[in-house]
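One structure is given here, and the rest of the page talks about it.
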Amino acid sequence: MIDLTDVTIRSVSVSAMDNNVYLLTSKTSGDQVLIDAADDFSAIRKLLDEGAADYAQGGTGQAQVKLIVTTHSHWDHVRALTEAVEATGAPTAAGTEDIDAIAVPTDIALEHGDIRWFDGFELEAIKLRGHTPGSVALLYRDPHGPAHLFTGDSLFPGGVGNTDKDPARFASLYRDVVDRVFAYLPDDTVVHPGHGKGTTLGAERPHLQEWKERGW
């Protein structure tokens, strides 16, 4: 758990594919955003309860999931989406171009630069096209410290996401990651990927040319 001034960020790894599920909880309102209901809803339910307890320590009333965001349409990131929607009643969001590939209906189509406001924090959608056509990252700008970027499968420690050795898809994803992430955000930005451990932009920035030259 990352305990920030205004929100907590909790995560859990689910499935044999080490999918990361993230939960942001406002300490002042209990508003929650769930990112990638990937698998194992029992683990996600526990995550939601733990986030609700973070709010209960400092607020009144009950925490509530206000939005479930799917970073991209691949099957391993949506296996618990139906259960999450049924349990929370929360609306869903995903990048516009990925919506048709997600079996669970999407309520909010995200475009690049969209801001979603919650009571106590906001998230900015950053479209990173290439791993899938509508992949989105979610940016939380902490007023009191480094930004936090939830990148799905578009950016990891050591490189961009899988583009199936397609030069056009790689070029698209690399360009978006460089222009919309590295040129936009400072080195202390914390990267929370869709699988495995996180990193910072500063740790990855020296390797951008290496990634470009190898083509993945």
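One side chain, E124 or Y184, offers a donor N or O that lies under 3.5 Å from an acceptor on the other. Between the side chains of D6 and H144, a donor-acceptor pair is found at a separation under 3.5 Å. Checked by atom type, the side-chain pair S154/T151 shows no donor-acceptor distance below 3.5 Å.
In terms of heavy atoms, R169 sits closest to G130 at NE-O, 2.9 Å. Closest heavy-atom contact between V191 and L201: CG2-CD2, 3.6 Å. Of all heavy-atom pairs spanning A109 and D114, the tightest one is O-OD2, 3.8 Å. Across every non-hydrogen atom of Y140 and L123, the tightest pair is CB-CD2, 3.7 Å. In plain terms, the two heavy atoms of N19 and A38 that are nearest each other are CB-CB, 3.5 Å. A94 and I102 make their closest contact through CB-CD1, 3.7 Å (heavy atoms, listed as atom of the first residue, atom of the second, distance).
Rounded to the nearest 0.5 Å, atoms OG (S135) and CG (D153) are 7.5 Å apart. Taking CD1 of I44 as the reference point, atom CD1 of I68 lies at 8.5 Å (rounded to 0.5 Å). Note: D49 CG to L23 CG = 10.0 Å, rounded to the nearest 0.5 Å. Here the CG-OG distance, from D76 to S15, works out to 6.5 Å after rounding to the nearest 0.5 Å. Remark: L81 CG to R79 CZ distance equals 12.5 Å, nearest 0.5 Å. To the nearest 0.5 Å, atoms CD1 (I9) and CE (M1) are separated by 10.5 Å.
A salt bridge does not link K27 to D54: none of the charged nitrogens lies less than 4.0 Å from a carboxylate oxygen.
Among residues at least two apart or in separate chains, salt bridge (charged side-chain N to carboxylate O under 4.0 Å, His left out) pairs with a member in residues 93-108 are E97-K127. Every pair passing salt bridge (charged side-chain N to carboxylate O under 4.0 Å, His left out) that includes a residue from residues 184-205 is listed here, sequence neighbours excluded: D187-R205.
Remark: F170 pairs with V160, T163, Y174 by the side-chain contact (heavy atoms from CB on, under 4.5 Å) rule, at least two apart or across chains. Residues that satisfy the salt bridge (Lys or Arg N to Asp or Glu O under 4.0 Å) test with R129, not counting sequence neighbours, are D176. Under the rule for a side-chain hydrogen bond (donor to acceptor under 3.5 Å, both in side chains), the partners of N20 that lie at least two apart in sequence or sit in another chain are Y22. Every side-chain hydrogen bond (donor to acceptor under 3.5 Å, both in side chains) that S13 has, sequence neighbours left out, goes to D18.
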Quiz item: Would W211 and E213 count as a side chain to side chain contact (heavy atoms under 4.5 Å, CB included) if you check the C-alpha gap in whole Å, the side-chain angles of each, and the deciding distance to 0.1 Å?
Solution: CA-CA 6 Å; W211 302 350; E213 291 172 357; over 6 Å; no
Quiz item: Please walk me through it: do H77 and D39 pass side chain to side chain donor-acceptor pair (under 3.5 Å)?
Solution: CA-CA 7 Å; H77 288 258; D39 191 24; over 6 Å; no
Practice problem: Give the C-alpha distance, both sets of side-chain angles, the deciding distance and a yes or no for side chain to side chain donor-acceptor pair (under 3.5 Å) between N162 and H131. | Solution: CA-CA 6 Å; N162 181 24; H131 182 65; 5.5 Å; no
Exercise. Report the C-alpha distance between V65 and D31 in whole Å, list the side-chain angles of each, state the deciding distance to 0.1 Å, and finish with yes or no for side chain to side chain contact (heavy atoms under 4.5 Å, CB included).
Key: CA-CA 6 Å; V65 180; D31 280 10; over 6 Å; no
Self-check item: Audit row: W216, K165, side chain to side chain contact (heavy atoms under 4.5 Å, CB included) steps and yes/no
Solution: CA-CA 7 Å; W216 56 272; K165 299 182 179 180; over 6 Å; no
Practice problem: For the pair L48 and R10, evaluate side chain to side chain contact (heavy atoms under 4.5 Å, CB included) and give the outcome as yes or no after the intermediate values. | Solution: CA-CA 9 Å; L48 294 174; R10 288 186 173 272; over 6 Å; no
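Residues S73 and T132 have side chains in contact (heavy-atom distance under 4.5 Å, counting atoms from C-beta outward). For the pair L138/T71, a side-chain contact is recorded, criterion being any heavy-atom separation below 4.5 Å from C-beta on. Counting heavy atoms from C-beta on, the side chains of V181 and L128 come closer than 4.5 Å. Proximity of D36 to V69: side-chain heavy atoms (C-beta onward) are nowhere separated by under 4.5 Å. Contact of the E122 side chain with the R116 side chain is not registered, since no non-hydrogen atoms from C-beta on lie closer than 4.5 Å.
Of the residues L67, T88, T25, the one that meets the side chain to side chain contact (heavy atoms under 4.5 Å, CB included) test with Q32 is T25.
Both L34 and V104 sit in one connected hydrophobic cluster of ILVMFWY residues. Membership requires side-chain heavy atoms under 4.5 Å apart, directly or through other members. In this structure, V78 is not a member of the same hydrophobic cluster as I35, with clusters built from ILVMFWY side-chain heavy atoms closer than 4.5 Å. The hydrophobic clustering, which links ILVMFWY residues whose side-chain heavy atoms are closer than 4.5 Å, places I2 and F118 together. With hydrophobic clusters built from ILVMFWY side chains whose heavy atoms lie under 4.5 angstrom apart, F156 does not share a cluster with L173. Hydrophobic clustering (side-chain heavy atoms under 4.5 Å, transitive across Ile, Leu, Val, Met, Phe, Trp, Tyr) keeps V33 apart from F41.
Classification of the H192-H148 ring pair by plane angle, with boundaries at 30° and 60°, yields parallel.
Side-chain atoms of S26 come within 3.5 Å of backbone atoms of D119 as a donor-acceptor pair (strictly under, hydrogens ignored). Counting only distance, with no hydrogens or angles, the side chain of T96 and the backbone of L110 share a donor-acceptor pair below 3.5 Å. No donor-acceptor distance shorter than 3.5 angstrom exists from the side chain of T106 to the backbone of I108, with no hydrogens or angles considered.
Relative to the six-membered ring of F182, R175 misses at least one condition, a distance below 6.0 Å or an angle of at most 45° to the axis.
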